[in-house]
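Have a look at the structure below before the remarks.
Numbered from 1 within each chain, the chains take letters A, B, ... in sequence-line order.
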Number of protein chains: 2
Amino acid sequence: MTASASGPASNPTDPERDPNPAATTARTPKSERTREQIVAAALRLFREQGYQGTTMRAVAASAGVSVGNAYYYFSSKEELIQGFYDQMVTDQTAACVEVFAASTDFAARLRGALLAWLDAADPYHEFAGRFFATAAQPDNPLSPFSRASSPARDSSIALYRELIDGSSVTVGAELSATLPELLWLYQLGVVLYWVHDSSPGTTRTRLLIEHTVPMISRLVRLSRLPVIRPLSRQTAELVGLLRGR
Amino acid sequence: MTASASGPASNPTDPERDPNPAATTARTPKSERTREQIVAAALRLFREQGYQGTTMRAVAASAGVSVGNAYYYFSSKEELIQGFYDQMVTDQTAACVEVFAASTDFAARLRGALLAWLDAADPYHEFAGRFFATAAQPDNPLSPFSRASSPARDSSIALYRELIDGSSVTVGAELSATLPELLWLYQLGVVLYWVHDSSPGTTRTRLLIEHTVPMISRLVRLSRLPVIRPLSRQTAELVGLLRGR
DNA sequence: ACTGGGTTTCGAACACGTTCAAAACAACGG
DNA sequence: CCGTTGTTTTGAACGTGTTCGAAACCCAGT
């Protein structure tokens, strides 16, 4: 990690280099090919040698390009991780089609969605630690809250919207709008735990899911109770307040 | 960041170099002096130039030692951050003495404790991002959940125990044991938000506190209600289950 | 004083992420 | 074909975190 010479914010003019992040479509000519080769090589090496163990020189060599060329497409090593991120959302969404078709029970659907994420992420468990660490940095474009990852975030939230709407549960009016976002936050928490989970087969995380899903489900149902209603309202307000960074 | 040559776990035998982390006591001879000079220089530079902007060479020079010597005491640049961490807990605890003396109202005390943390951490806001990022790494000794930071964690949890016990609130039996730990987790969440908060004067974080403290307070009181009790119990169980990593 | 072993300090050397100026290539108008 | 202009590719060079073998220092035991 090299310091950025002078000021804090490095490049003053940033005229958007990235052509298009659309998944597999070959938008621009076949430079898209090179890009894919690089990200593929990176993910493979990350899986095999971990994040730290993978050098940019190795990625470039493995992709059959020069180091400089890798940097032409990805402005840093961290940015290569976006590939991983995208793949997670894609895989989870795909797996959820089946899950959602199987049951309308809220808890079952929530459980399924989380397990789907876990399955998709499993091969990258070791390297995910490094990933979420860098992603946790505020200014970092990879942060789950950042501008740059809003497409991934939005589609993840949309997934939870679908999870709720297709389920048999009735959500109180106050929470209805914000519940998907809350569930997304909950998933973030589970992921955070998973990252730290070194138990064989990530048993602990699965335990966490088995135990928390019923609690969430119960909470959602309770949210309509008169005693709880103010809390629901406050929660919804809070989310609204804190959003829009 | 250099790769660790061969396997994932680097050094096979790790015969504990660190003499003793006790705060300011000059335990071993006056090598302790050097250590302090280094950490002081580091914190100062971090504050002035940020984490990235501070080079190990600069830290060493500013402390009047050689680069190699700095590495004799701290095995990495990240490890220098422990100094920051320790200072936070110390400052917060000190400030809370006054806060706790001033009121027995649960919400007031909780609010005060959080604001105390905020005040202590404020000068390091920019650099805190980098800090928590690396701290978020599972294997990292700086992780708030790790073995290495258990003293800091324990004393933080103890602080919350005191906060509760000295307050006028009555906690349900099920939650009583685990509530301090839960509050510590809550604080972790606030800190996480603070790290990402770029509003002037960290207004947003203060808003978050003003809004969530009453909610927490309400939740704690509700925790004894018959409808909620099972949830409290489950929560307590969960914490017990997941602890003991 | 001298010796020997431990601790502390040094700074050159290394590996890696990143940058940059220039070369190679592609596309197109004459 | 030849220039011109824009895109892609290259690899040497730079700055930084980190390592390592050797020097300097300290201090008890003789």
Side-chain angles (χ1 to χ4, degrees), chain A residues 1-6 10-12 14-20 26-38 41-42 45-46 49-81 130 134 137 140 142, chain B residues 1-6 10-11 14-20 26-38 41-42 45-46 49-81 130 133-134 140:
Chain A
M1 305 219 182
T2 307
S4 46
S6 52
S10 41
N11 40 359
D14 195 3
E16 309 263 344
R17 188 206 286 145
D18 245 325
N20 195 305
R27 282 257 299 98
T28 20
K30 58 195 59 171
S31 78
E32 198 67 20
R33 199 64 197 277
T34 314
R35 191 191 195 84
E36 279 166 21
Q37 282 171 354
I38 295 173
L45 287 175
F46 286 164
Q49 332 234 20
Y51 182 69
Q52 297 260 58
T54 303
T55 77
M56 283 303 274
R57 287 167 177 79
V59 170
S62 177
V65 300
S66 72
V67 197
N69 199 14
Y71 275 92
Y72 177 73
Y73 288 101
F74 300 90
S75 66
S76 73
K77 185 181 176 186
E78 288 179 4
E79 199 163 291
L80 281 171
I81 298 177
R130 206 63 57 168
T134 63
Q137 285 172 159
N140 195 304
L142 286 177
Chain B
M1 307 221 179
T2 308
S4 47
S6 52
S10 39
N11 39 0
D14 195 3
E16 309 262 344
R17 187 207 288 144
D18 247 327
N20 194 306
R27 283 252 304 97
T28 19
K30 57 194 60 171
S31 77
E32 199 68 18
R33 199 65 197 278
T34 315
R35 192 193 195 82
E36 279 167 21
Q37 282 171 354
I38 295 172
L45 288 175
F46 285 165
Q49 331 235 21
Y51 182 70
Q52 296 261 58
T54 304
T55 76
M56 284 302 274
R57 285 166 178 80
V59 171
S62 176
V65 300
S66 72
V67 199
N69 198 15
Y71 274 94
Y72 177 71
Y73 288 101
F74 301 91
S75 67
S76 73
K77 186 180 176 185
E78 287 179 5
E79 200 163 292
L80 281 172
I81 298 177
R130 206 63 56 166
T134 64
N140 194 307

Whole-Å distance, B/Lys77 NZ to D/dG15 P, equals 16 Å
Taking CD from A/Gln49 and C1' from C/dC16, how many angstroms apart are they, rounded to a whole number?
-> 15 Å
A/Ser76: what forms a side chain to side chain contact (heavy atoms under 4.5 Å, CB included) with it, not counting sequence neighbours?
-> A/Glu78, A/Glu79
Non-hydrogen side-chain atoms of A/Leu80 and A/Met56 separated by less than 4.5 Å | yes
Residues that B/Ser66 engages under side chain to side chain contact (heavy atoms under 4.5 Å, CB included), provided they are two or more places apart = B/Asn69
Test log, rule side-chain contact (heavy atoms from CB on, under 4.5 Å), inputs B/Tyr51 and B/Ile81 = CA-CA 9 Å; B/Tyr51 182 70; B/Ile81 298 177; 3.8 Å; yes
What are the two closest heavy atoms between A/Thr54 and A/Lys77, and how far apart are they?
-> O-NZ, 2.9 Å
In short, A/Leu45 meets A/Ser62 closest at the heavy-atom pair CD1-CB, 4.0 Å
Atom-to-atom span, OH of B/Tyr71 to P of C/dA12 - whole angstrom = 17 Å
Can you sort out the partners of A/Ala61 under side chain to side chain contact (heavy atoms under 4.5 Å, CB included), two or more places apart, ordered by chain and number?
-> none
When rounded to whole Å, the CZ to P distance for the pair A/Arg57 and C/dC14 reads 14 Å
Atom pairs under 3.5 Å: protein N/O with N/O of nucleotides 9-12 of chain D:
| residue | atom | partner | partner atom | Å |
| --- | --- | --- | --- | --- |
| D/dT9 | OP1 | A/Thr34 | OG1 | 3.3 |
| D/dT9 | OP2 | A/Asn69 | OD1 | 3.2 |
| D/dT9 | OP2 | A/Asn69 | ND2 | 3.2 |
| D/dT9 | OP2 | A/Tyr73 | OH | 2.8 |
| D/dT9 | O5' | A/Asn69 | ND2 | 3.1 |
| D/dT10 | OP2 | A/Ser66 | N | 2.7 |
| D/dT10 | OP2 | A/Ser66 | OG | 3.3 |

Nucleotide D/dG17, atom C1' - distance to CD1 of B/Ile38 in whole Å | 15 Å
What is the distance, rounded to the nearest whole Å, between atom CZ of A/Arg35 and atom P of D/dT7?
-> 15 Å
To the nearest angstrom, the CE-P distance between A/Met56 and D/dG15 comes to 20 Å
Report the end-to-end axis angle of the helix from C/dA1-D/dT30 to C/dG30-D/dC1; each axis comes from five terminal pairs, and the value is rounded to 10°.
-> 20°
Quick one: does NZ or CZ of B/Arg35 land under 6.0 Å from the six-membered ring centre of B/Phe74, within 45 degrees of the ring axis?
-> yes
